[in-house]
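Heads up, the thing below is written out as structure tokens.
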Amino acid sequence: MPHEVDLKRWLAWIRKELANKTHPRVKLFRTDANLVAEMDDRERLLRNPDMEQFYGAIITRVRDGNDYCGIVYLMYWLNEAGNEIPLYIGKAERYGRNGGISRNLTNKSFFGRWGYLRFYHIVDLSRSLRQLTVTGISSGRHSDWALKLFEDPSRRRLRGQVYFWASPWSHAGTCPCDIPVNVAALENCLIRYSRRFYKYDNLNTAQGGDSCCCPLPI
């Protein structure tokens with residue numbers, strides 16, 4: 001039977017998953033000591049080299065491993081108590097719409113949804129940040145990200161260190177409700193409870209469906 005998930009159980013699941021990783025605190029962006037994010041010559045935010053190495057290895061593992069159905073990832077920061085605050089939860093499924101291995105895992109430019117292409121997280125955020133800097137008005141697909149993450153958009157200074165976590169996911173993996181789920185159902189579960197516990201911080205626009213048969217929040 002599924003378990004009702006409270007904040008304590010959520011934190012226990014997150015810490016258990018992060019503790020299983022070689023690098024549990026991977027920084028997402030390349031920044032200087034003052035948390036000013038760096039950009040390339042095309043004004044795109046740069047991924048931290050540690051993130052690229054960490055996530056690249058996971059992409060290869062899932063691409064080449066028949067046991068996996070995809071990757072779940074989390075963009076987060078830490079509060080004053082050191083607890084993980086989920087900013088965004090997403091997935092990269094192993095199989096594409098044509099039934100073959102997804103280009104998100106086979107094309108280096110796609111980089112598991114974090115590549116330097118239009119409609120991918122890094123580029124969409126970069127565009128929204130530039131728009132906010134030039135006009136003072138946030139617009140674009142990731143405008144909410146730009147407002148949330150950056151204290152001083154004109155200098156590209158982050159409000160706090162932004163971290164990235166990802167994990168290969170198999171059908172045998174269990175969500176916080178203790179149910180074996182595929183990566184799509186896991187994403188739904190994590191989004192639903194993230195929006196429940198951290199509604200002022202979570203940037204997911206989806207509500208999180210009930211596809212993993214977890215109990216709905218009251």
Side-chain angles (χ1 to χ4, degrees), residues 21-64 70-78 84-94 96-97 101-168 187 201-205:
K21 310 304 167 217
T22 305
H23 304 290
R25 293 278 185 255
V26 175
K27 298 174 183 177
L28 175 56
F29 301 111
R30 185 184 297 183
T31 67
D32 66 13
N34 295 315
L35 292 183
V36 175
E38 299 179 10
M39 284 187 167
D40 63 13
D41 57 4
R42 297 175 62 182
E43 294 189 296
R44 301 177 303 186
L45 292 163
L46 291 171
R47 300 180 301 239
N48 189 289
D50 289 342
M51 181 273 187
E52 294 183 339
Q53 181 178 8
F54 168 74
Y55 196 42
I58 289 175
I59 290 172
T60 299
R61 183 176 171 186
V62 173
R63 182 196 67 202
D64 298 340
I71 300 169
V72 60
Y73 54 77
L74 172 67
M75 179 177 73
Y76 69 100
W77 56 28
L78 302 174
E84 295 81 5
I85 306 300
L87 297 170
Y88 185 82
I89 293 160
K91 63 174 171 58
E93 297 193 44
R94 185 170 189 263
R97 295 178 182 178
I101 304 300
S102 170
R103 288 189 295 173
N104 282 320
L105 306 184
T106 58
N107 189 317
K108 291 183 178 180
S109 297
F110 290 11
F111 201 62
R113 302 297 306 169
W114 289 88
Y116 292 116
L117 295 172
R118 189 179 181 186
F119 302 126
Y120 282 64
H121 298 312
I122 292 291
V123 166
D124 285 346
L125 174 58
S126 300
R127 290 183 174 183
S128 292
L129 182 62
R130 289 198 305 272
Q131 182 72 14
L132 183 61
T133 300
V134 172
T135 67
I137 300 173
S138 181
S139 64
R141 182 168 172 263
H142 277 13
S143 57
D144 52 346
W145 289 36
L147 290 169
K148 172 67 72 174
L149 299 180
F150 289 88
E151 176 183 70
D152 184 350
S154 64
R155 293 185 57 224
R156 306 187 305 277
R157 188 174 188 276
L158 293 167
R159 296 182 187 275
Q161 188 62 256
V162 180
Y163 297 96
F164 178 83
W165 166 81
S167 179
E187 180 192 41
D201 291 294
N202 184 258
L203 294 165
N204 286 94
T205 56

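From a predicted model like this one, the values you see are computed outputs, not experimental measurements. Atom set for the values below is all heavy atoms of this structure, side chains included, hydrogens, waters and symmetry mates excluded.
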Partner set under side-chain contact (heavy atoms from CB on, under 4.5 Å) for V72, not counting sequence neighbours
W165, S167, W169, V183, L186, L190

Using the test ring pair (Phe, Tyr, Trp, His ring centres under 6.0 Å), find all partners of Y88 that sit at least two apart in sequence or belong to another chain.
H121, W145

Residues 110-139 vs salt bridge (Lys or Arg N to Asp or Glu O under 4.0 Å), sequence neighbours excluded, gives E43-R130, D124-R141

List for me each residue that meets salt bridge (charged side-chain N to carboxylate O under 4.0 Å, His left out) alongside E93, sequence neighbours excluded, and say none if there are none.
K91

Listed by chain and number, what are the side-chain contact (heavy atoms from CB on, under 4.5 Å) partners of L117, not counting sequence neighbours?
S109, F110, Y120

For D50, give me all partners under salt bridge (charged side-chain N to carboxylate O under 4.0 Å, His left out), at least two apart in sequence or on another chain.
none

Set of side-chain contact (heavy atoms from CB on, under 4.5 Å) partners for R97, sequence neighbours left out
none

Enumerate, atom names and distances included, each donor-acceptor pair closer than 3.5 Å involving a side-chain atom of residues 27-35, sequence neighbours excluded.
from: D32; atom 1: OD1; to: N34; atom 2: N; distance (Å): 2.8
from: D32; atom 1: OD1; to: L35; atom 2: N; distance (Å): 3.2
from: D32; atom 1: OD1; to: V36; atom 2: N; distance (Å): 3.0

Which pairs count as salt bridge (Lys or Arg N to Asp or Glu O under 4.0 Å) when at least one residue sits in residues 51-64, sequence neighbours excluded?
R47-E52

Does D144 have any salt bridge (charged side-chain N to carboxylate O under 4.0 Å, His left out) partners at least two apart in sequence or in another chain, and if so, which?
none

Excluding sequence neighbours, so at least two apart, what forms side-chain contact (heavy atoms from CB on, under 4.5 Å) with S143?
S128, S138

Sorted by chain and number, sequence neighbours left out, salt bridge (charged side-chain N to carboxylate O under 4.0 Å, His left out) with R157 holds for E151

